[in-house]
*Asks:* 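Let me give you the structure first, and then I'll get to my questions.
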Amino acid sequence: MFTITKDIYFCYGHRLMAHPGKCRHLHGHSVKAAITVAAPALNAQGMVCDFADISGMAARYIDAVLDHNLLLHRDDPLVPALQQGNERFLLLDEHPTAEYLAQLIFAEVKAQGFNVIRVTLWETASASASYSES
């Protein structure tokens with residue numbers, strides 16, 4: 001099995017309402033999403049796929065949905081104030097953890113037809129969360 005990994009960088013804000021520490025407050029991250037795609041054999045160009053294909057597809061989704069967005073759980077009490085202020089935000093069914101965001105990106109990459117095997121979201125230089133289906 002051959003694999004390639006493409007890194008995509010973006011920023012978002014969030015909070016984890018039930019977190020016992022400082023992550024319960026609004027804060028932001030500049031993150032790296034490492035998207036790993038696999039193939040049992042190389043294509044006619046000798047590649048799993050072109051890095052640019054992953055980059056273009058992921059960038060479109062990330063730019064439109066996640067980048068420079070405030071990611072909140074549906075039950076967050078800040079929602080009415082954000083709506084009143086005409087602020088950009090995205091409501092999620094789950095808490096906006098790095099683990100859940102990795103799963104969201106994975107699902108989008110897979111839906112676009114890539115044989116994605118793992119997405120790792122680096123929330124800081126020393127902390128990451130991954131999602132895979134195995």
*Asks:* Got a sec, which residues hit salt bridge (Lys or Arg N to Asp or Glu O under 4.0 Å) with R74, two or more places apart in sequence or on another chain?
*Replies:*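 R74 satisfies salt bridge (Lys or Arg N to Asp or Glu O under 4.0 Å) with D93 only.
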
*Asks:* Rest of the hydrophobic cluster containing L91 (Ile/Leu/Val/Met/Phe/Trp/Tyr, side-chain heavy atoms under 4.5 Å)?
*Replies:*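 Members other than L91 - counting any ILVMFWY side chain reachable under 4.5 Å - are L26, L70, L72, L78, V79, L82, F89.
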
*Asks:* After noting the C-alpha distance and the side-chain angles of V31 and L101, does the key distance pass the side chain to side chain contact (heavy atoms under 4.5 Å, CB included) rule?
*Replies:* CA-CA 11 Å; V31 301; L101 298 180; over 6 Å; no

*Asks:* To the nearest 0.5 Å, tell me how far L90 CG sits from L104 CG.
*Replies:*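 Interatomic distance, L90 CG to L104 CG, rounded to 0.5 Å: 8.0 Å.
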
*Asks:* Tell me the closest heavy-atom pair linking A58 and I35, and the distance in Å.
*Replies:*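 Distance-wise, the nearest heavy atoms are CB-CD1, 3.6 Å.
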
*Asks:* Are L16 and P96 side-chain neighbours, meaning at least one heavy-atom pair lies under 4.5 Å?
*Replies:*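 The answer is yes; the side chains approach within 4.5 Å.
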
*Asks:* Could I get the full list of side-chain contact (heavy atoms from CB on, under 4.5 Å) partners for D67, not counting sequence neighbours?
*Replies:*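 side-chain contact (heavy atoms from CB on, under 4.5 Å) check on D67 returns F10, C11, I62, D63.
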
*Asks:* List the atom of A33, the atom of I105, and the distance in Å for their closest heavy-atom pair.
*Replies:*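 Taking every non-hydrogen atom into account, CB-CD1, 4.1 Å.
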
*Asks:* So how far is it from Q45 CD to D50 CG, rounded to the nearest 0.5 Å?
*Replies:*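 With rounding to 0.5 Å, CD (Q45) is 6.5 Å from CG (D50).
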
*Asks:* Mind checking who shares a hydrophobic cluster with M47, ILVMFWY linked at side-chain heavy-atom distances under 4.5 Å?
*Replies:*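 Via sub-4.5 Å side-chain contacts, M47 links to none.
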
*Asks:* I'd like to check the side-chain contact (heavy atoms from CB on, under 4.5 Å) partners of P20; sequence neighbours left out, ordered by chain and number.
*Replies:*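 P20 satisfies side-chain contact (heavy atoms from CB on, under 4.5 Å) with no other residue.
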
*Asks:* For residues 22-48, which residue pairs pass the ring pair (Phe, Tyr, Trp, His ring centres under 6.0 Å) check, not counting sequence neighbours?
*Replies:*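 Pairs touching residues 22-48 that pass the test: Y12-H29, H14-H27, H14-H29, H27-H29.
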
*Asks:* Decide yes or no for K32 and S128: does some side-chain heavy atom of the first lie under 4.5 Å from some side-chain heavy atom of the second?
*Replies:*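 K32 vs S128: side chains apart.
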
*Asks:* Measuring from L121:CG to I8:CD1, what's the distance to the nearest 0.5 Å?
*Replies:*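 So the gap between those two atoms works out to 12.0 Å.
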
*Asks:* Considering residues at least two apart in sequence or located in another chain, which fulfil the side chain to side chain donor-acceptor pair (under 3.5 Å) criterion with D76?
*Replies:*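 If we apply the side chain to side chain donor-acceptor pair (under 3.5 Å) test to D76, skipping adjacent residues, the hits are R15.
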
*Asks:* Do V119 and F2 belong to the same hydrophobic cluster, where Ile, Leu, Val, Met, Phe, Trp and Tyr are linked whenever their side-chain heavy atoms lie under 4.5 Å apart, directly or via other members?
*Replies:*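 Linked, V119 and F2 end up in one cluster.
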
*Asks:* Other hydrophobic cluster members with W122, side-chain heavy atoms of Ile/Leu/Val/Met/Phe/Trp/Tyr under 4.5 Å, chained?
*Replies:*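 Besides W122, the hydrophobic cluster comprises nothing; the residue is isolated.
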
*Asks:* Would you please name every residue forming a side chain to side chain donor-acceptor pair (under 3.5 Å) with S132, sequence neighbours left out?
*Replies:*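 In terms of side chain to side chain donor-acceptor pair (under 3.5 Å), with neighbours along the sequence ignored, S132 is linked to no residue.
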
*Asks:* Under the side chain to side chain donor-acceptor pair (under 3.5 Å) rule, what pairs show up with a residue in residues 97-118, not counting sequence neighbours?
*Replies:*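 Listed once each, the pairs are T97-E99, E108-Q112, K110-E133.
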
*Asks:* For residues 53-86, pull every pair meeting ring pair (Phe, Tyr, Trp, His ring centres under 6.0 Å), keeping only residues two or more places apart or in separate chains.
*Replies:*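 Listed once each, the pairs are H73-H95.
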
*Asks:* Who pairs with T5 by side chain to side chain donor-acceptor pair (under 3.5 Å), at least two apart in sequence or on another chain?
*Replies:*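 Result, side chain to side chain donor-acceptor pair (under 3.5 Å) vs T5: T36.
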
*Asks:* Test side chain to side chain contact (heavy atoms under 4.5 Å, CB included) on I54 and V109 and set out the steps.
*Replies:* CA-CA 8 Å; I54 300 170; V109 173; 5.6 Å; no

*Asks:* So for atom CD, which belongs to Q83, do other residues, nucleotides or ligands contribute more than 12 heavy atoms lying within a distance under 6.0 Å?
*Replies:*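 Yes, CD of Q83 has more than 12 neighbouring heavy atoms, counting only those of other groups under 6.0 Å.
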
*Asks:* Minimum heavy-atom separation for A38 and V48, please, with both atom names.
*Replies:*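 In this case the closest contact between A38 and V48 is C-CG1, 3.9 Å.
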
